[in-house]
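Since the structure is predicted, the reported quantities are computational estimates derived from the model, not experimental observations.
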Amino acid sequence: MNKDKQQRILIVDDSADNIQVLMGLLKNEYKLIAATSGEKALQLAEQQPPPDLILLDIMMPEMDGTEVCRRLREHDPENPTYVLLLTALGRKEEIVSGLESGANDYVTKPFSPAIVLARLRTHLALKDARDHLEDQVAARTQELVKTQDAMVIALASLAETRDKETGNHLRRTQNYIRALARTLSQQPKYQPQLDNQFIDLLYKTAPLHDIGKV
């Protein structure tokens, strides 16, 4: 497999022995990075590209796995990283707490190589399917935006063919509105509404203000 295309796994465990066991099991299939503390795990999770999946030990000093997972979800709720908890067999309360904090699944210690690999492959396949669907939605949304922009341009162009002065006026108005919106966006009163996306929408639709002249 091409190394550049390998999925990235972040292993988080305060035990170096456990990290070595997992690395030995996964090194031939995945790109691996590791952390021995919750704080370091959060730092690595924010790097680009982010890990595709995190193997996260629950029982760690200072910041346990449940807290790490909670902070991960708070940091990026729209695009959550898949998290598999690492926990000792029989600790049901820890598992429930970890899942409630946003983890996707868990793997028990001592590790069963077959189970670890099966769980990883299952959740990475789910991630790939989610990412593919998001890409399709984004592409379709972009197509719709382009269609809407083309309709606005066509209507504005129609006004220009009827009246050259109207056409020039439309373009001037577009630029005036964008300049005014950008200036107003610097004032606290208007900042919540006048973000870049809204200003862009104002600019694109401004030519329609005189469409009644057609």
Side-chain angles (χ1 to χ4, degrees), residues 1-138 140-141:
M1 180 183 294
N2 187 328
K3 285 278 186 182
D4 293 334
K5 295 183 179 179
Q6 282 183 310
Q7 291 163 305
R8 291 166 56 86
I9 307 295
L10 169 58
I11 302 171
V12 186
D13 199 309
D14 62 318
S15 168
D17 290 339
N18 286 337
I19 290 177
Q20 288 302 316
V21 169
L22 290 168
M23 283 192 161
L25 177 62
L26 306 175
K27 64 182 180 181
N28 292 329
E29 293 192 42
Y30 306 103
K31 278 188 174 181
L32 304 174
I33 51 178
T36 56
S37 69
E39 194 66 40
K40 183 62 175 179
L42 291 174
Q43 294 174 9
L44 292 175
E46 293 177 4
Q47 291 182 355
Q48 296 298 325
D52 296 290
L53 185 144
I54 301 175
L55 287 170
L56 177 61
D57 187 28
I58 293 182
M59 292 297 295
M60 293 189 295
E62 298 182 12
M63 186 188 303
D64 63 16
T66 299
E67 178 65 14
V68 172
C69 192
R70 184 185 66 79
R71 293 195 187 187
L72 285 170
R73 296 299 182 247
E74 289 179 350
H75 175 71
D76 194 1
E78 298 300 323
N79 188 31
T81 302
Y82 277 77
V83 175
L84 269 64
L85 300 172
L86 305 175
T87 182
L89 183 64
R91 293 183 174 176
K92 294 182 180 179
E93 292 183 359
E94 291 177 1
I95 294 172
V96 171
S97 178
L99 294 174
E100 288 178 345
S101 71
N104 300 92
D105 205 346
Y106 65 93
V107 178
T108 57
K109 303 175 185 178
F111 302 121
S112 166
I115 291 177
V116 172
L117 289 172
R119 294 277 174 85
L120 277 176
R121 289 166 182 159
T122 296
H123 286 283
L124 288 171
L126 288 172
K127 179 186 181 299
D128 285 344
R130 184 193 70 187
D131 291 346
H132 179 65
L133 179 60
E134 289 176 350
D135 289 343
Q136 287 185 314
V137 171
R140 181 58 179 158
T141 300

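- Atom CG of residue L55 and atom CE of residue M23 lie 10.5 Å apart, to the nearest 0.5 angstrom.
- In this structure, CD on Q136 lies 11.5 Å from OG1 on T141, to the nearest 0.5 angstrom.
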- Message: One pair to check against side chain to side chain contact (heavy atoms under 4.5 Å, CB included): D13 and T36. What are the steps and the verdict?
- Response: CA-CA 5 Å; D13 199 309; T36 56; over 6 Å; no

- Item | Residue pair V83, R73: steps toward the side chain to side chain contact (heavy atoms under 4.5 Å, CB included) verdict | CA-CA 10 Å; V83 175; R73 296 299 182 247; 3.8 Å; yes

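- With hydrogens and angles ignored, the 3.5 Å screen pairs no side-chain donor or acceptor of S97 with any backbone N or O of E93.
- The closest donor-acceptor contact from the side chain of R8 to the backbone of P49 lies under 3.5 Å.
- Across every non-hydrogen atom of T87 and E94, the tightest pair is OG1-OE1, 3.4 Å.
- Minimum interatomic distance between K127 and D52 (heavy atoms only, all atoms of both residues): NZ-OD1, 3.1 Å.
- Panel note: side chain N104, backbone L84; no donor-acceptor pair is recorded below 3.5 Å.
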- Message: If you apply the rule side chain to side chain contact (heavy atoms under 4.5 Å, CB included), what do you find for L26 with L117, and how did you get there?
- Response: CA-CA 8 Å; L26 306 175; L117 289 172; 3.6 Å; yes

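- Atoms CG and CG, from L86 and L22 in turn, are 6.0 Å apart once rounded to the nearest 0.5 Å.
- In this structure the side chain of L53 never reaches within 4.5 angstrom of the side chain of L10, judged on heavy atoms.
- When every heavy atom of V12 is checked against every heavy atom of S37, the shortest pair comes out as CG1-O, 4.0 Å.
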Ignoring hydrogens and angles, write down the donor-acceptor pairs under 3.5 Å from the side chains of residues 58-71, residues two or more places apart or on other chains.
unit_1 : atom_1 : unit_2 : atom_2 : d
D64    : OD1    : T66    : N      : 3.3
D64    : OD1    : E67    : N      : 2.9
E67    : OE1    : R70    : NE     : 3.0
E67    : OE1    : R70    : NH2    : 3.2
E67    : OE2    : R70    : NH2    : 2.3
E67    : OE2    : R71    : NE     : 2.9
R70    : NH1    : E74    : OE1    : 3.2
R70    : NH1    : E74    : OE2    : 2.4

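- Counting heavy atoms from C-beta on, the side chains of L124 and I9 come closer than 4.5 Å.
- Scanning all heavy atoms of the two residues, the minimum distance from G24 to K27 falls at O-CG, 3.9 Å.
- Of all non-hydrogen atoms in A103 and L85, the two that sit nearest each other are CB-CG, 3.6 Å.
- Residues L44 and P51 approach most closely at O-CD, 4.1 Å, considering heavy atoms.
- Between D57 and N18 the shortest side-chain heavy-atom distance does not fall below 4.5 Å.
- Counting non-hydrogen atoms of other residues, nucleotides and ligands closer than 6.0 Å to OH of Y82 gives a total above 12.
- Side-chain contact between L72 and I54 is present, with at least one heavy-atom pair separated by less than 4.5 Å.
- R140 and D135 are not joined by a salt bridge, as no carboxylate oxygen comes within less than 4.0 angstrom of a charged side-chain nitrogen.
- Judged by distance alone, the side chain of R119 and the main-chain N or O of D105 form no donor-acceptor pair under 3.5 Å.
- Between Q7 and K31 there is no side-chain heavy-atom pair separated by less than 4.5 Å.
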